[in-house]
Amino acid sequence: VICLALGPLRAAVSDLSVQGRLCVCLMGLVPRKPVISGIKLFFENPPEMSFSLSGVAAALPVTPQKIQEYIQDAICASMVLPNSVDIHMDSIWRAFAEPDFLEYHDLHSIMPLGLLRASVVSLDVDTLNTNSATVYAKLRVGGKKEMTQSRIMREVPCRLAWPEQQIEFIVDSLVDQDLHVELWSEDDSNLMIKCDTLLMQARISIVELVRSFAEGRQKAVRVRMASPLGRHQQHEVGAAILTGTFLPLLPMKPPSWQDAQALIQITVDCVTGLGPEMNGKTCSVRAILLSEGQVPMELARTAVCTAARAQVAEARVLHTAIEEFRWEDAKSRIRLLYRRGAKLSPEEMAFILTGMVTQDEAAKLMREVEQEEIRNENADPVSAVEVLFEEQLRALVGDPRKHGLRIEFWSEEKQMVIGVIEWSSLAYLANISALEDNLQAYALDGPCAAHGGARIYLKRALRVLGPGLKAKG
């Protein structure tokens, strides 16, 4: 059950059903245990969902459609491409010394396949329950969504158009991802929470769209728009005409950078060595493009994460194997009793934890807990505060030789930059044959460097936009 609260009003979302294709990607087949080095779980497209509302849901100034949008955005932010849930099996099995150990950043730094550019050159509205409204089109690929400018719809039927607005999407799966096209009506009545209304929708696979762009003389595709009812109740209420192109992303240097365009992918792994004042604080990382004679432009930013002591170490350097999870449960209970001041013998502890540990195991765990508590009291808190991001920042940069890059480490509470690393030019990266460097630790300058140990772990990679796909023959 998911609970919603707005002031004193509370409601519950129950019977939540999510329908979509959940992909399980196995990374690194190895001739040893655990056979698979890593697992990625993700949806290629936003899943469909249904739910029921209980409590005082009717009194909330939020429509069921808005609640669905909130839930869908939360799912997209965590496990719709390019986002995924990553499980590092080599860490769980403690295979740190193996020569084929899967690097942590390799699990969450998969390169995209191409760039889709699309425009809604016309959208015919044939039948709707409303005659006049302020509307906009929303396009989505994977976890990213973009909106067009608003238009006034004065009557139905009518024709809307946004030919001047070209929307770009980075495509991770050419075969399995879809382009979603929706028409929304703006909510002008609610000042607190805008609850826009979905009027019509459509979806078309990226591979079908690309094939149509390549084969059609006018590079235009007609998509039938349906009403936003259940899957078996939808009926056609209009049609949209899309134009655009698909540009593959190539891992090779162009003959000349002069007329080339590149996409940069920055893998933000983690930040370590923060001071004790950052413990429990929220922060993020932002990528800024630097161009001579122009205002610095923000390219992308990570999600907001919370710093904590030994966060990276606890997430990666696991001290227990799968068969020892039972011990971790027992150890957590012993730790709780220790902190509450309980003075028990190993025999008494084994009796309390009957079925979990023997007397000898209880004695060993008690010694470990006592040593850990002593280390925590004497630990250097400066090097223990860390932030685990494991995210990708991706954006077009044109000719990389003409631009620099600045990475900013932000304090969300203070709304200010507390750490920075800067490159005056990306020419070095553009001249590497592989167009990418290795994951490295960079010392951060700024307030967070007051203790001298703040470092950010990054990997930078370029991909060159190739020519648009054309029909064979």
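Values in this document were obtained by computation on a predicted structure and should not be read as measured data.
Summarising the geometry, atom CG belonging to L249 is positioned 7.5 Å from atom CD1 belonging to I170; distances are rounded to the nearest 0.5 Å. Atom CG of L458 is separated from atom CD of Q440 by 9.0 Å, given to the nearest 0.5 angstrom. The distance from the CG atom of L299 to the CG atom of L393 is 8.5 Å, given to the nearest 0.5 Å. One finds the CD atom of Q177 at 11.0 Å from the CZ atom of R203 (value rounded to the nearest 0.5 Å). Considering OG of S109 and CZ of R394, their distance stands at 11.0 Å, rounded to 0.5 Å. Considering CZ of R460 and CD1 of I266, their distance stands at 8.5 Å, rounded to 0.5 Å.
When atom types are taken as modelled, the side chain of H88 and the backbone of L107 share no donor-acceptor pair closer than 3.5 angstrom. N45 contributes a side-chain N or O that, together with a main-chain N or O of D176, makes up a donor-acceptor pair within less than 3.5 Å. Side-chain atoms of R224 never come within 3.5 Å of backbone atoms of A202 as a donor-acceptor pair (strictly under, hydrogens ignored). Of the possible polar contacts, one joining the D90 side chain to the L102 backbone as a donor-acceptor pair under 3.5 Å is found. Of the possible polar contacts, one joining the Q165 side chain to the M147 backbone as a donor-acceptor pair under 3.5 Å is found. The backbone N or O of T282 lies less than 3.5 Å from a partner atom in the side chain of E413, making a donor-acceptor pair. Of the possible donor and acceptor atoms, none in the side chain of E186 sits under 3.5 Å from a partner among the backbone N and O of S150. Under a 3.5 Å cut-off, the side chain of E386 and the backbone N or O of V312 do form a donor-acceptor pair.
Within the 4.5 Å cutoff, the side chain of V420 has no heavy atoms near those of the L444 side chain. The shortest side-chain heavy-atom distance between Q294 and L289 does not fall under the 4.5 Å cut-off. Annotation: side chain of I407 is not in contact with side chain of V268 (no heavy-atom distance under 4.5 Å). With contacts defined as side-chain heavy-atom distances shorter than 4.5 Å, the pair I264/L462 qualifies. Between V141 and L139, the closest side-chain pair of non-hydrogen atoms is not below 4.5 Å. With a 4.5 Å cut-off on side-chain heavy atoms, D269 and H108 count as touching. No side-chain heavy atom of Q265 sits less than 4.5 Å from a side-chain heavy atom of R463. Proximity of M111 to P251: side-chain heavy atoms (C-beta onward) are nowhere separated by under 4.5 Å.
Counting all heavy atoms, side chain and backbone alike, S84 lies closest to F42 at CB-CB, 3.8 Å. Residues A161 and V121 come closest through the heavy atom pair CB-O, 3.1 Å. Taking each heavy atom of Y136 and W162 in turn, the nearest pair found is CA-CZ2, 4.1 Å. Here the closest non-hydrogen pair linking C195 and D187 is N-OD2, 3.0 Å. Considering all non-hydrogen atoms of both residues, L113 and L174 come closest at CD1-N, 3.6 Å. The two residues L199 and P228 have their closest heavy-atom pair at O-CD, 3.1 Å.
Comment: K138 does not engage D196 in a salt bridge, judged by the lack of any side-chain N to carboxylate O separation of less than 4.0 angstrom. A salt bridge between K66 and E69 is present, with a side-chain N of the basic residue lying under 4.0 Å from a carboxylate O of the acidic one. Between R301 and E412, no side-chain nitrogen of the basic residue sits less than 4.0 Å from a carboxylate oxygen of the acidic one, so the salt-bridge criterion is not met. Salt-bridge formation is detected for the pair R140/D73: a Lys NZ or Arg NE/NH1/NH2 atom is positioned less than 4.0 Å from an Asp or Glu carboxylate oxygen. A salt bridge does not link E390 to K40: none of the charged nitrogens lies less than 4.0 Å from a carboxylate oxygen.
Ring orientation note: the planes of F409 and F389 are nearly perpendicular, at an angle over 60° on the 30°/60° scale.
With W93 as the aromatic partner, K33 does not meet the cation-pi criteria of under 6.0 angstrom to the ring centre and within 45 degrees of the ring axis.
More than 12 heavy atoms of other residues, nucleotides or ligands lie within 6.0 Å of CZ in R32, so this atom counts as buried by the packing criterion. By the neighbour-count criterion of 12 heavy atoms within 6.0 Å, atom NZ of K402 is sparsely surrounded, having that number or fewer from other residues, nucleotides or ligands. Counting heavy-atom neighbours within 6.0 Å of E292 CD, excluding the residue itself, gives a total of 12 or less. Applying the 6.0 Å contact sphere to CD of E164 captures more than 12 heavy atoms from other residues, nucleotides or ligands.
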Show your reasoning for whether side-chain contact (heavy atoms from CB on, under 4.5 Å) applies to V125 and M200.
CA-CA 9 Å; V125 181; M200 57 177 65; 3.9 Å; yes
What verdict does the side-chain contact (heavy atoms from CB on, under 4.5 Å) test give for V223 and V181, after you've listed the backbone C-alpha separation in whole Å, the side-chain angles of each residue and the deciding distance to 0.1 Å?
CA-CA 9 Å; V223 182; V181 183; 5.5 Å; no
Check the pair V30 / F101 against side-chain contact (heavy atoms from CB on, under 4.5 Å), numbers first and verdict last.
CA-CA 9 Å; V30 291; F101 179 83; over 6 Å; no
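Among the candidates L116, V207, L247, the single residue satisfying the side-chain contact (heavy atoms from CB on, under 4.5 Å) test with V171 is L116.
Applying the side-chain hydrogen bond (donor to acceptor under 3.5 Å, both in side chains) rule to pairs touching residues 417-433 yields nothing, sequence neighbours excluded.
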